[in-house]
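Note on naming: letters A, B, ... go to the chains in the order of the sequence lines (proteins, then strands), and numbering restarts at 1 for each one. In this text, all values refer to a predicted model and were calculated from it rather than measured experimentally.
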2 protein chains.
Amino acid sequence: MMAKKRVSIKDIAKKLGISITTVSFIINGKAREQRISEELIKKVQDYIDEIGYKPNHVAQSLRLGKSKVIVFMAEDISNQFFASIARLIEEKAYQNGYKIIYCSTDNDHEKAKELISTFKMRNVDGFIITPTPNLEKDIKNLLDEGFPVVLFDRWIPDVSCSHVIVQNEESAYQGTMHLIEKGCRNLCFVSVMSTQSQMIDRARGFRKAAQDSNVDYQECLLKFHNLAEIEPYEKLLEFFEQRPGIDGVFFATNYLAFEGLQAMGVLQRQVPEKLKVVSFDDHYFFNLYKPKITAIEQPLEMIAEKLMETMLEHLGELDKVYKPVKVVLANRLNERESTL
Amino acid sequence: MMAKKRVSIKDIAKKLGISITTVSFIINGKAREQRISEELIKKVQDYIDEIGYKPNHVAQSLRLGKSKVIVFMAEDISNQFFASIARLIEEKAYQNGYKIIYCSTDNDHEKAKELISTFKMRNVDGFIITPTPNLEKDIKNLLDEGFPVVLFDRWIPDVSCSHVIVQNEESAYQGTMHLIEKGCRNLCFVSVMSTQSQMIDRARGFRKAAQDSNVDYQECLLKFHNLAEIEPYEKLLEFFEQRPGIDGVFFATNYLAFEGLQAMGVLQRQVPEKLKVVSFDDHYFFNLYKPKITAIEQPLEMIAEKLMETMLEHLGELDKVYKPVKVVLANRLNERESTL
DNA sequence: TTGAAAGCGTTACCAT
DNA sequence: ATGGTAACGCTTTCAA
């Protein structure tokens, strides 16, 4: 009924009448190296299989100072983008013997700071982080202490840290150009007020395209989403109601697009006839929506792959000072009905 | 530059010229109990604050046999439902000093089995699991070994294990009745082939409602979603094309509804005029879709709350044999345009 | 009121 | 070829 005490390496040694050391060597594949006799190896291995012995990772972690755990600090793990990345990362982590602990920062510096300090005392081996504002110093500290850190989604200009991001400016430029090519002459960029690098880059790409093409444009910046806040939907409704001339909208993120599209519906602004739409961050539902929404798709699998590849590389170079790896991936513009 | 060695309790003791024990007592709030002098307490605490000492959780875990880690085994962490639960659980776990490791089983028994065994050797304190088929024995083992286990989304009839689920049968019954009340006389239930309790219960509720009302019905069961598989969309297209008489569809899950709705669009079956639709598992996009889709909403916050409440309760009773807690929560039918 | 020391399960150095 | 043992950082019993 009650937990049968787990067998330890000591029990095995006692049972087989040999020393702990020998068992340890055999378990860790150092038997040959130590010239332990084949028959003893076999005997120990058979016994281990028989009783189903599994080494205690906590003890290993204490001894080795490594835990085989990576922490994944997303802005919000329930967000589809982060959840998808989490899933893909999980796969690769497990394949390499690593587990993943997750947490959500809510883009809150204090919370992120606290989480980092919590995980340090758990001997986590590495950090994958979507940095919040003002996290520069904490990231720098982690790096100085020798922790592998890989940032993603956004990065921090002032700190030389590995990161995996996408071509935000380039793709925003391309998406905006697409609107212009389709005939839009009065553009609007909808985004959140934010100092996050990816948002700034997207805005820059938009502006550049509009300016390069000599097209009128304006920007609608919403407060960062916060449950206490008024719905973006309300704001967008008001904004567009007062600006009937707008004929092309670039949404900086899919969440805003969904809210905005609802507003367009209510305002009877037919898409794409009266107003064309492009959104950053493609989504399953952009394909279902009527009309289907043109969107910029981030290469999720590639992001996850590069994240883990970089992390594993750094993990392999523990105690050495590793060179930061900076990956910038291309996106894809999926043209659909909203820009016909 | 390189990792300044982390201070341990030993360093503190040495620095202050007292024993490790004393420091430990003070850190763990047992100073009063041990009648340690106020001034010494203050001295130690001040020093700890000054150097920012944080105890090593791995060492604590090894010593105490508890890790303050809960593992969250979902079917697929990138699925919106599981991701949302993950987020809510995270919140409560962290509030109580627990961290969460996640993993996805893909509903694969072998994978789940392996994951369980992996986590046992990490001293995880508890398991929150969406059980895969054939996992009865493994759950039972966990229970026998004294691990707190809470199942959710579905449960296992043969094992007396705590679980948090929703009223699947009742809500499916209610949703089906809703279709019938709105005039449907030729119903169809779309689901996946599955032995999962929640799917079976939903089917049962559907059937019962149809039979109680003496209404024709049929069922369309798709192979369990698998990337190698043909798209549910194709199957549904074919299925409904051959059955023009169907005037009411109950989708067992939102994923199927989205695929089915696309098929309806192509087949020109106007919703709700020609065919009414209800889906299990409400979704943000059911509100955005045109027409808005009537759906049964699971109480996510409540599920998460009950999950953690139950888990924490069990964690408090470690080493005692705890009574399984069985929670069944009510859902809400959100009536929308698809059943007008 | 404080300290010494055992012990949690491992690994790895040093003997033999 | 194999074994003894210190060490990882902490908690807690027992002794002083």
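Panel note: side chain D108(A), backbone E110(A); a donor-acceptor pair is recorded below 3.5 Å. Looking only at distances, a side-chain donor or acceptor of T130(B) sits under 3.5 Å from a matching main-chain atom of M73(B). In terms of modelled atom types and a separation under 3.5 Å, the side chain of H163(B) and the main chain of W155(B) share no donor-acceptor contact.
Shown for residues 40-54 of chain B: residues whose heavy atoms fall under 4.0 angstrom of DNA chain D, namely Y53(B).
In this structure E90(A) satisfies the side-chain hydrogen bond (donor to acceptor under 3.5 Å, both in side chains) test together with S104(B), sequence neighbours excluded.
Close to dG3(C), at under 4.0 Å from its OP1 or OP2, lies a side-chain N or O of S19(B). For K10(B), no side-chain nitrogen or oxygen approaches OP1 or OP2 of dA7(D) to under 4.0 Å. Look at S37(A) and you won't find any side-chain N or O under 4.0 angstrom from OP1 or OP2 of dA1(D).
Residue contacts shown for L64(A) are limited to sugar-phosphate atoms, with no base heavy atom under 4.0 Å away.
Distance from the side chain of I18(B) is smallest for dG3(C) among the nucleotides dT2(C), dC10(D), dG3(C). Nearest to the side-chain atoms of L62(A) among the listed nucleotides dT1(C), dG3(D), dG9(D) stands dG9(D).
Ring planes of F152(A) and F72(A): parallel class, angle under 30° (limits at 30 and 60°).
Side-chain contact between L315(B) and I70(B) is present, with heavy atoms from C-beta onward closer than 4.5 Å.
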Distances under 3.5 Å between protein N/O atoms and the N/O atoms of nucleotides 14-16 of chain C, please, pair by pair.
none

